[in-house]
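Model, not experiment: these values are computed from the prediction.
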Amino acid sequence: MDSSESYKNLRSALKSATPPLIAYLGLCMADLTFLIHGNPDQLESGHVNFTKRHLTYTFMNVVRTSQAVPYNISPRDDIITFFNNFSDYMEEEEMWQRSEQIKPRKKRS
């Protein structure tokens, strides 16, 4: 997933996709945080900032409508059995080490 230009490609794909969808939680939380904390509740005149309320409603409505259509997925016993019997997993420290090998964090100077 390309995060450049504020996830421009993902946003474009989501706009043209038809539900059901699973929204990227990181993007949703970032957008909602920006809406809530990046806009005042009241205007300088003291009036309610209805633009903020409208943007928040629009955001929440997109999330709601993308979840309104149920997935038509039938359970598969082979997959259920695989996950119920899954024992080949990494411990948290091992996952951290693997993550650092794949994409090392930038060192702060």
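No donor-acceptor pair under 3.5 Å is formed between the side chain of N61 and the backbone N or O of Y57.
Rounding to the nearest 0.5 Å places CD1 of I80 at 11.5 Å from CG of N85. Taking CG of L35 as the start and CG of L55 as the end, the distance is 5.5 Å to the nearest 0.5 Å. Residue M29 holds its CE atom at 15.5 Å from CZ of F34, rounded to the nearest 0.5 Å.
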Listed pairs under 3.5 Å, donor-acceptor, residues 91-100 side chains, sequence neighbours left out:
unit_1: E93; atom_1: OE2; unit_2: Q97; atom_2: NE2; d: 2.7
unit_1: E100; atom_1: OE2; unit_2: R105; atom_2: NE; d: 3.0

Distance-only donor-acceptor hits, side chain of residues 15-22, under 3.5 Å, sequence neighbours excluded:
unit_1: S16; atom_1: OG; unit_2: S12; atom_2: O; d: 3.4
unit_1: S16; atom_1: OG; unit_2: A13; atom_2: O; d: 3.2

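The stretch residues 66-76 participates, sequence neighbours left out, in these salt bridge (charged side-chain N to carboxylate O under 4.0 Å, His left out) pairs: R76-D78. Listed by first and then second residue, the salt bridge (charged side-chain N to carboxylate O under 4.0 Å, His left out) pairs that reach into residues 23-32 are R11-D31, sequence neighbours excluded.
Other residues, nucleotides and ligands place more than 12 heavy atoms under 6.0 Å from the CD atom of Q42. At most 12 heavy atoms of other shown residues, nucleotides or ligands fall within 6.0 angstrom of atom CZ in F83.
Under the 4.5 Å side-chain contact rule for hydrophobic residues, F59 and L27 do not share a cluster. Follow the hydrophobic side-chain contacts under 4.5 Å out from M60 and you never reach V62; the two are in separate clusters.
By the ring pair (Phe, Tyr, Trp, His ring centres under 6.0 Å) test, F82 is found to be paired with F86, residues two or more places apart in sequence or in another chain being considered. Take D77 and apply the side chain to side chain donor-acceptor pair (under 3.5 Å) test, not counting sequence neighbours, and it matches no residue.
In this structure the side chain of N49 never reaches within 4.5 angstrom of the side chain of D41, judged on heavy atoms.
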